[in-house]
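The structure under discussion appears below in the form of structure tokens.
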Amino acid sequence: MNQLLTDGRTMEGIVSSIIRQEPLRLTYSRLDWERIYRLADYHKVANIVYLGVLGYRESLPEKWQGRFFERYQESLLYGTNYKESVQEVLEWLDKRNVSCVILFSEVMREFYRIPEAADTSPLSIYLNEGSYNLAKGYLVDLGYEVDQICEGLGERFSREASVSVMLYYKLPFRTGKYARSIQKLLENACVKESYNRIRVLTIEGEYLFRMASAVYRYVTDELTIREVLELQLYHGVLRDRLRADSMARWLKDLQIDQLSEKLLRISYMWFADRKDLYYDGLPENMSEYDILEERLLTRGMINHETDEQALKLAALIRKELDKEKREEKLRQLKEKIRERWENVKRVWRWVFPDYHYMASIYLTLEKLPVLLPVFWVIRGVRLLGRAIRK
């Protein structure tokens, strides 16, 4: 467990040094590169870690050097095709009058000082269920194929040498208040310039969506280093244009304001320029940030959570999960009862066929339909006798 935390801190340190463009002193030959790679790949920062080991490639086993380089190449190719691919998809949807909201703006890639350090995340789009099937069909027409299914939420589509596209028809949040609050953010989205049906979140709306997503995923132990990094990059570049008071009220109403502040602060501690004085000095209680760091870097395997807002949100999510499990069990029970009833009906129809079937076998029934029960017995005796003879 301690080794997992050590590897996580090592990986975070390499990423931080590249983002800040600072030297990092590590004994690279002593690192377990398989663990570092798998951790970096999970946190979607393997391409950044590759930049951090360029001068120490002799310390890396060839296999893992190749894996890191693959992720780096992917980021280069992604950056080359990104704008054209996004424009193609959006224009295709707009011309076919498909209304949708882009959840994360393309501008994020421009916030990286080193372009190849940017993420290869898909273009994320939210649509209502009516538009979803239309958009899915149009993507297939463009040559895209489904490569990931998010059960009950949407699907991801990919095409060679092009950006991946994630279509959502349901927001990935279980608690009702969370979903309703973010739905309101989407309703306030503005039409994107040069389009008619494509909408984008406001600057504040996207920041709040990113923060709300980060808090939720932290509580469910799914938050990645890449998301924390981009939270800092987005806030660091645009903070002078963000309306802090209105955003603080929104986060407080959702009851995640204190946890949001912790996540933002640790993102600055990890990735902000040392000269940035947005957070001047260390927090009074560093133990809270140690707990957050340990949980985040180990994907919840080390979890000593004490934050009241995190604990409350986790309890709400567990409550929804339990409700979903109960509903699923009830659905399965109903399905089992329905199947058994269908089996009973099939047996009943076989033992007691309808009048038209019986009349086609016993012509007397056409004149005397009242004898149908008698001929059921006759047919049953005949079938029984045939079975005995066999």
Side-chain angles (χ1 to χ4, degrees), residues 4 6-86 104-124 144 147-148 156-166 222-234 236-237 267 270-273 296-297 299:
L4 180 61
T6 300
D7 292 339
R9 285 173 172 157
T10 299
M11 179 202 65
E12 179 271 315
I14 295 173
V15 174
S16 177
S17 68
I18 296 301
I19 295 301
R20 288 172 164 166
Q21 296 185 310
E22 295 177 346
L24 178 67
R25 293 179 178 84
L26 281 176
T27 309
Y28 284 84
S29 59
R30 296 182 181 177
L31 298 178
D32 185 326
W33 287 107
E34 179 176 357
R35 287 204 302 260
I36 295 292
Y37 172 77
R38 296 194 187 284
L39 196 58
D41 199 42
Y42 172 83
H43 284 283
K44 301 180 181 180
V45 292
N47 59 321
I48 303 179
V49 173
Y50 175 77
L51 295 172
V53 300
L54 277 176
Y56 305 88
R57 283 182 289 184
E58 66 280 358
S59 301
L60 272 71
E62 186 174 340
K63 175 183 177 180
W64 301 110
Q65 185 179 146
R67 294 284 185 88
F68 278 113
F69 183 62
E70 284 175 11
R71 291 291 181 257
Y72 176 73
Q73 279 189 314
E74 286 175 9
S75 66
L76 287 177
L77 179 63
Y78 195 87
T80 301
N81 299 325
Y82 185 78
K83 287 185 177 180
E84 292 77 7
S85 298
V86 168
F104 299 107
S105 62
E106 309 97 290
V107 73
M108 174 54 70
R109 296 187 63 84
E110 300 174 9
F111 295 167
Y112 285 86
R113 296 181 186 178
I114 305 172
E116 57 266 38
D119 192 15
T120 55
S121 58
L123 170 65
S124 297
Y144 282 83
D147 69 350
Q148 181 181 340
R156 190 178 72 180
F157 300 79
S158 64
R159 188 181 68 182
E160 188 176 353
S162 183
V163 65
S164 297
V165 181
M166 183 70 213
E222 298 170 302
L223 184 62
T224 65
I225 298 298
R226 175 69 71 171
E227 291 170 273
V228 177
L229 167 60
E230 295 202 337
L231 191 63
Q232 191 282 319
L233 290 176
Y234 191 91
V237 173
S267 75
W270 281 352
F271 304 116
D273 191 302
L296 203 161
L297 293 178
R299 291 175 281 171

Would you compute the distance between atom CG of Asp7 and atom CZ of Arg38 and round it to the nearest 0.5 angstrom?
12.5 Å

Using side-chain heavy atoms (C-beta onward) and a distance below 4.5 Å, is Gln21 in contact with Ile114?
yes

Is it true that Glu70 and Arg67 have a side-chain N and a carboxylate O under 4.0 angstrom from each other?
no

Looking at CD of Glu34 and NZ of Lys63, how far apart are the two atoms once the value is rounded to the nearest 0.5 Å?
6.0 Å

Rounded distance [0.5 Å steps], CD in Glu12 versus CG in Leu296:
10.0 Å

Between Arg159 and Ser164, is there a donor-acceptor pair closer than 3.5 Å when you use the side chain of the first and the backbone of the second?
no

Do the side chains of Gln232 and Trp270 get nearer than 4.5 Å, heavy atoms only?
no

When you compare the side chain of Phe271 with that of Val228, does any pair of heavy atoms fall below 4.5 Å?
yes

Quick one, Leu39 and Arg299 - any side-chain contact, counting heavy atoms below 4.5 Å?
yes

Minimum heavy-atom separation for Ala118 to Ser75, with atom names?
O-CB, 4.1 Å

Grab the two heavy atoms, one from Met11 and one from Ala40, that are nearest each other, plus how far apart they are.
SD-CA, 3.4 Å

Could you tell me if the side chain of Ile225 sits less than 4.5 Å from the side chain of Leu297, heavy atoms only?
yes

Less than 4.5 Å apart, any side-chain heavy atom of Arg35 and any of Thr10?
no

Going by heavy atoms in the side chains, are Glu74 and Asn47 under 4.5 Å from each other?
no

Kindly compute the distance separating OG1 (Thr120) from CD (Gln73), expressed to the nearest 0.5 Å.
13.0 Å

Tyr50 vs Tyr72, test: ring pair (Phe, Tyr, Trp, His ring centres under 6.0 Å). Steps then yes/no.
CA-CA 7 Å; Tyr50 175 77; Tyr72 176 73; 4.9 Å; yes

Here the gap from Phe104 atom CZ to Met166 atom CE, rounded to the nearest 0.5 Å, amounts to 11.0 Å

What is the minimum heavy-atom distance between Tyr78 and Val163, and which atoms define it?
OH-CG2, 3.0 Å

Please examine the side chains of Arg226 and Ile48, heavy atoms only from C-beta on, and report whether any two atoms are closer than 4.5 Å.
yes

Using every non-hydrogen atom in the two residues, find where Ala46 and Arg71 come nearest and quote the distance to one decimal.
CB-CG, 3.7 Å

Could you verify whether a donor N or O on one side chain and an acceptor N or O on the other, from Ser105 and Tyr234, lie under 3.5 Å apart?
no

On a heavy-atom basis, which atom in Glu227 and which in Glu222 lie closest, and how many Å separate them?
OE1-O, 3.8 Å

Aromatic plane relationship, Tyr37 with Trp64 - under 30° parallel, 30 to 60° tilted, over 60° perpendicular
tilted

Minimum-distance pair of heavy atoms, taken over all atoms of His43 and Thr224:
ND1-CA, 3.4 Å

To the nearest 0.5 Å, what is the distance between CG on Leu76 and CD on Glu116?
5.5 Å

